[in-house]
> 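Structure in structure tokens, see below.
The first residue in the sequence is number 1, and the count goes up from there. Note that these values count all heavy atoms, side chains included, but never hydrogens, waters or copies made by symmetry.
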Amino acid sequence: MRRDNERFGRAWEPAGPLARAGRAVLDLIYPHRALDDDSPVLTPGLTAAAWSRIAFLDDPVCDGCGTPFEFSLGPGARCAACLGKPRAFDRARAACLYDETSRGPVLQLKYADRTDLAPLFTRWISRSARDLLAGADAIAPVPLHASRLFRRRYNQAAEIARPLARLWSTDYLADALVRRRDTGAQAGRSGTGRRRNVAAAFTVPECRKRLVEGRRILLIDDVMTTGATLESCARALRAAGAAGVDAAVIARVKDPASLTI
């Protein structure tokens, strides 16, 4: 935990006493506002009421896909699904469950230009995926297709991956992984449909393979439902020579059949 605390200290606290005093004066003049309802709060983030409703994920979870366990099965334990059919990525972690509480902020980041939520989600993932981050050689966002990026103007995964890489002093691979065709939305598709939709949709261009070869890559995305998109990305990275691929997301669906993204 000491390493985590040192990283948080360097990245999120003012550097010296004068800087901290200046930050305190600014906080007094311009109080922080809650990200969920714009009410005054002591520190940046959600209101206490919203915070208490978020189902944050801590151990015990499946070491393969990050799904929560009811009780601990020991270090490295994996769920039946991961044991029955190993994933293309090595391990995945989620900061919280994707449910009716977390859905609003996640979709606001994704579709409503609420990039101000990205620092909050960055801190969440930094905590939930700290073991994966400690072993990562580089961090890469799940990419959008160029046409969708043009319409949306930003990639929500990149808005988290970029500051996360700075926070952990890790290389950020902005465009080593590309989406070569517009797969459209995954919402409403079955697990099989999701896998078919993103099959071979991602690639590492020949000129960027040197950024991936022999390295452990941490993929960043917003939500994990069946894991089809993350697996497709992982296959492309492994084909380009990655030594290993892990994944971290803001939220994951506990039962993919129960909720539409």
> Test of understanding: clusters of I, L, V, M, F, W, Y form through side-chain heavy atoms closer than 4.5 Å, transitively. Do Leu117 and Leu167 belong to the same one?
yes
> Charged N to carboxylate O below 4.0 Å: is that the case for Asp90 and Arg238?
yes
> To the closest 0.5 Å, what do you measure between OG1 (Thr67) and CZ (Arg93)?
11.0 Å
> Hey, are the side chains of Tyr98 and Ile250 touching, using non-hydrogen atoms and a 4.5 Å cut-off?
no
> Any chance you could lay out the side-chain contact (heavy atoms from CB on, under 4.5 Å) test for Leu144 and Tyr154, step after step, and finish with the verdict?
CA-CA 9 Å; Leu144 294 178; Tyr154 66 94; over 6 Å; no
> Is it true that a side-chain atom of Glu231 and a backbone atom of Arg87 form a donor plus acceptor pair closer than 3.5 Å?
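No; zero donor-acceptor contacts below 3.5 Å.
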> Of all residues at least two apart in sequence or in a different chain, which pass the side chain to side chain contact (heavy atoms under 4.5 Å, CB included) check with Pro205?
Val178, Cys207, Arg208
> Checking the side chain of Asp137 only, and the main-chain atoms of Arg216 only, is there a donor and an acceptor separated by less than 3.5 Å?
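Yes, Asp137 side chain to Arg216 backbone: donor-acceptor pair under 3.5 Å.
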> Using atom types as modelled and distance alone, determine if a side-chain donor or acceptor of Arg130 lies under 3.5 Å from a backbone N or O of Arg127.
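It does hold such a pair.
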> Answer yes or no: is there a side-chain heavy-atom contact under 4.5 Å between Cys65 and Met224?
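Yes, close enough: below the 4.5 Å cut-off.
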> Go through the steps to decide whether Arg103 and Glu100 satisfy the test side-chain contact (heavy atoms from CB on, under 4.5 Å), and finish with yes or no.
CA-CA 5 Å; Arg103 176 179 177 135; Glu100 293 305 322; 4.2 Å; yes
> Please say yes or no: joined through hydrophobic side-chain contacts below 4.5 Å, possibly via intermediate residues, are Leu57 and Val106 part of one cluster?
no
> Do Trp168 and Leu120 belong together in a cluster built from hydrophobic side chains that touch within less than 4.5 Å?
yes
> Keeping the roles fixed (side chain from Asp99, backbone from Ser102), state whether a donor-acceptor pair exists under 3.5 Å.
yes
> Asp246 versus Phe89: any side-chain heavy-atom pair under 4.5 Å?
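Of all side-chain heavy-atom pairs linking Phe89 with Asp246, none is under 4.5 Å.
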> Between CG of Asn155 and CZ of Arg162, what distance do you get to the nearest 0.5 Å?
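If I round to the nearest 0.5 Å, the distance is 9.0 Å.
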> Please list all pairs meeting salt bridge (Lys or Arg N to Asp or Glu O under 4.0 Å) that have one or both residues in residues 74-83, counting only residues at least two apart or in different chains.
Asp63-Arg78
> Quick check on the hydrophobic clustering: are Ile220 and Val253 connected, directly or via other members, by side-chain heavy-atom contacts under 4.5 Å?
yes
> Could you tell me which non-hydrogen atom of Pro163 sits nearest to which non-hydrogen atom of Thr122, and how far apart they are?
CG-OG1, 3.6 Å
> Would you indicate whether the side-chain heavy atoms of Lys110 and Arg152 approach each other to under 4.5 Å?
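Contact flag for Arg152/Lys110 side chains = yes.
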> Are Cys79 and Phe69 close enough, and set up right, to give a side-chain contact (heavy atoms from CB on, under 4.5 Å), and what steps lead you there?
CA-CA 8 Å; Cys79 67; Phe69 288 149; 3.9 Å; yes
> At what distance, to the nearest 0.5 angstrom, does CG of Leu211 lie from CD of Glu213?
9.0 Å
> With a 4.0 Å cut-off, would you call Lys209 and Glu206 a salt bridge?
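Judged by the 4.0 Å cut-off on N to carboxylate O distance, Lys209 and Glu206 do form a salt bridge.
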> Minimum heavy-atom separation for Ala118 and Ile160, please, with both atom names.
O-CG1, 4.3 Å
> Applying side-chain contact (heavy atoms from CB on, under 4.5 Å), run through Glu159 and Phe121 and close with a yes or a no.
CA-CA 9 Å; Glu159 293 301 310; Phe121 294 143; over 6 Å; no
> How many angstroms lie between CZ in Phe202 and SG in Cys233, if you round to the nearest 0.5 Å?
4.0 Å
> Is the shortest heavy-atom distance from the side chain of Ile217 to the side chain of Arg215 under 4.5 Å?
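Of all side-chain heavy-atom pairs linking Arg215 with Ile217, at least one is under 4.5 Å.
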> Output all residues satisfying salt bridge (Lys or Arg N to Asp or Glu O under 4.0 Å) with Asp131, sequence neighbours left out; order by chain, then residue number.
none
> Side-chain contact test, heavy atoms from C-beta onward, threshold under 4.5 Å: evaluate it for Leu73 versus Phe71 and give yes or no.
yes
> Which heavy atom of Thr170 sits nearest a heavy atom of Ala136, and at what distance?
CG2-O, 3.9 Å
> CZ/Arg179 to OG/Ser232 distance, rounded to the nearest 0.5 angstrom?
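Atom-to-atom, Arg179:CZ and Ser232:OG are 8.5 Å apart.
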> Is there a path of hydrophobic side-chain contacts, each under 4.5 Å between heavy atoms of I, L, V, M, F, W or Y residues, that connects Ile54 with Ile125?
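Looking at the clustering, Ile125 is in the same group as Ile54.
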> Minimum heavy-atom separation for Ala248 and Ala129, please, with both atom names.
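For Ala248 and Ala129, the tightest heavy-atom pair comes out as CB-CB, 3.8 Å.
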> A side-chain contact here means heavy atoms from C-beta on lying under 4.5 Å apart; do Val212 and Leu237 qualify?
yes
> What distance separates Leu173 CG from Leu219 CG, expressed to the nearest 0.5 Å?
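Going from CG on Leu173 over to CG on Leu219, the span is 10.0 Å.
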> Do Leu230 and Val249 touch side chain to side chain, with heavy atoms closer than 4.5 Å?
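They are in contact (side-chain heavy atoms under 4.5 Å apart), so the answer is yes.
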